[in-house]
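Below is the structure I would like to discuss, written out as structure tokens.
Proteins get letters first, then strands, A, B, ... in listed order; numbering begins at 1 in each. Since we're looking at a predicted model, the values are computed, not measured.
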2 protein chains.
Amino acid sequence: MTESKQFLYPDKWLSKASSGDRVAYELRMRIISGMIESGAILSENKLAADFEVSRSPIREALKILASENLIRLERMGAVVIGLKEKEIEEIYDVRLMIESFVFERLVRMDTGELAIELSKILEMMKVAIKYQDADEFSYQDVLFHETIIRYVDHSYILMIWNNLKPVMESFILLSMRMRFAEKYEDFTRIVNNHELYIDAIKTKDRNLMIKSLHKNFDDVQGKVEDLWSSQQMLSKGAEQQDD
Amino acid sequence: MTESKQFLYPDKWLSKASSGDRVAYELRMRIISGMIESGAILSENKLAADFEVSRSPIREALKILASENLIRLERMGAVVIGLKEKEIEEIYDVRLMIESFVFERLVRMDTGELAIELSKILEMMKVAIKYQDADEFSYQDVLFHETIIRYVDHSYILMIWNNLKPVMESFILLSMRMRFAEKYEDFTRIVNNHELYIDAIKTKDRNLMIKSLHKNFDDVQGKVEDLWSSQQMLSKGAEQQDD
DNA sequence: ATTATAATACTTGTATACAAGTATACTTGA
DNA sequence: TCAAGTATACTTGTATACAAGTATTATAAT
């Protein structure tokens with residue numbers, strides 16, 4: 001309990017973030033990791049005391065999390081919804097939906113520059129694997145998909161992505177940290193899959209893209225299980241197991 | 001100029017809205033209508049003075065509008081993006097995308113109750129037409145599509161809808177007001193099209209649904225033109241035309 | 001013991017105050 | 001007339017204060 005003030009979200013990613021954003025990032029991680037269990041009720045005043053800030057940034061953070069479907073703002077207190085299996089499947093539904101949409105645009109564009117950019121990011125990912133830097137790997141993984149989405153220059157698709165991204169990012173972060181510790185061999189598969197994606201974009205092969213997306217999704221099934229064990233680790237640490 | 005304090009958004013829809021929400025609704029209408037031109041810079045202090053509230057609800061409103069892509073929060077001031085042709089097409093891309101997704105779910109569900117509910121809403125729309133109530137018609141029109149989306153119970157699809165809805169609603173409101181005044185005959189076509197949509201859901205006919213969606217989109221092309229004339233009416237009222 | 005009423009301790013939403021930083025405008029120097 | 005530096009008036013982000021409303025708890029009466 002002496003270490004309970006540690007933050008789950010990487011400090012260095014918050015260099016120029018406002019106090020409200022920091023709280024949102026950290027709360028998001030705690031909710032998705034299961035450290036704050038779904039059903040819990042968050043009070044603005046208590047959070048303000050915990051994070052040692054005023055209610056203004058807390059309110060800001062809660063509004064953000066509500067728009068991401070992680071909490072529900074009610075008359076009295078914010079109810080934690082959290083990420084259960086259903087929600088994770090739904091997020092991947094949406095990812096599949098928007099990335100398919102994006103691909104349809106890509107096949108009508110010159111994707112040369114994009115392929116180069118993606119190759120660069122993939123190299124970064126490989127380096128992150130080599131040095132077992134889970135956070136950096138996650139960052140590049142998210143960036144990979146964001147780069148594809150940004151390339152088609154569609155402000156409302158980007159809007160959806162912006163809403164989804166923080167949850168995705170937190171989820172991937174937690175999942176990757178777990179896998180670096182326990183399932184190191186997974187990463188060759190992930191890299192291969194991203195290479196497949198780049199090939200699909202280069203050759204504008206719709207079927208290959210779909211295949212790659214589905215592989216990515218299958219990969220996620222694993223992520224989900226990892227996250228559950230992560231959640232159990234975090235929340236059941238000091239509890240009884242005999243219910 | 002004596003009437004400049006009039007609000008564009010229907011009062012009665014704001015019965016239990018907070019001050020911040022009211023400002024967001026009203027600002028949204030002013031931006032979409034073109035009353036506030038794109039490129040304009042909004043200052044929190046000025047807005048607070050204009051709306052006669054403090055900065056707290058203004059900040060809240062600006063955050064909402066930024067998440068809807070109507071403004072861009074920058075270092076100094078919020079820059080109005082607005083709805084130009086590109087944005088409207090993009091919104092309809094997304095609508096097409098999510099309604100297609102929803103339909104794929106619907107074909108695997110019992111849609112009996114939904115069809116009844118939609119028929120009810122359609123009757124309401126007819127009454128609204130009969131009494132030339134543009135606002136009520138718009139409300140039911142938006143409700144029609146929201147009802148379909150809610151029926152599949154997908155929280156992240158609903159999240160996208162929730163982000164899109166206010167902009168859609170404002171856009172439809174403005175467009176319908178214009179058309180009630182000038183293109184009354186349009187409404188039989190709109191009603192027919194919604195009947196087509198209900199049929200598609202009843203018979204689970206994918207092609208019919210697509211057809212109806214596209215008709216709806218064609219309808220919107222008209223709406224766009226209407227909106228432009230509306231914007232010109234509002235913004236060029238006291239200006240010179242010779243630039 | 002149970003119900004009704006009253007007091008208290010919460011809750012949210014809004015207003016206001018203040019600090020730190022940035023652009024604008026003005027003054028001063030050449 | 002133009003450049004450089006300073007002063008002023010803005011900006012945002014955060015803290016704090018306050019009002020109105022709601023749940024909870026305690027007290028009192030039957």
**Cationic N near anionic O, under 4.0 Å, A:E26 to A:R22** = no

**Message:** Taking 4.0 Å as the cut-off, does a side-chain nitrogen or oxygen of A:S43 come that near to OP1 or OP2 on C:dT11?
**Reply:** yes

**Asked** What's the closest nucleotide to the B:R55 side chain, out of C:dT12, D:dT11, C:dA17?
**Response** C:dA17

**Complete:** note: B:L42, atom CG; D:dC10, atom P; distance rounded to Å ~ 17 Å

**Message:** Let's see if you can work this out: which of D:dT14, C:dA23, D:dT22 has an atom nearest to the side-chain heavy atoms of A:R75?
**Reply:** D:dT22

**Request:** Kindly indicate whether the side chain of B:M109, heavy atoms from C-beta on, has any atom under 4.5 Å from the side chain of B:D153.
**Result:** no

**Prompt:** Are any of A:S56's side-chain N or O atoms less than 4.0 Å away from OP1 or OP2 of D:dT16?
**Reply:** no

**Message:** Tell me the interatomic distance from A:E52, atom CD, to D:dT14, atom P, rounded to whole angstroms.
**Reply:** 15 Å

**Message:** If you compare every side-chain N and O of A:S54 against the phosphate oxygens of D:dT14 (OP1, OP2), does one of them come in below 4.0 Å?
**Reply:** no

**Atom-to-atom span, CD1 of A:I41 to P of C:dC10 - whole angstrom** = 15 Å

**Request:** With B:R28 as the cation and B:Y25 as the aromatic partner, state whether NZ or CZ is under 6.0 Å from the six-membered ring centre and within 45° of the axis.
**Result:** yes

**Asked** What's the NZ-C1' distance between A:K46 and C:dT12, to the nearest Å?
**Response** 15 Å

**Item:** Closest to side chain of A:R59, choosing from D:dT11, C:dG13, D:dT14
**Value:** C:dG13

**Asked** Side-chain N or O of B:N45 less than 4.0 angstrom from OP1 or OP2 on D:dC10?
**Response** no

**Prompt:** So does B:F103 have more than 12 non-hydrogen atoms from other groups sitting under 6.0 Å from CZ?
**Reply:** yes

**Prompt:** In whole Å, what is the span from the CG atom of B:L73 to the C1' atom of D:dT11?
**Reply:** 13 Å

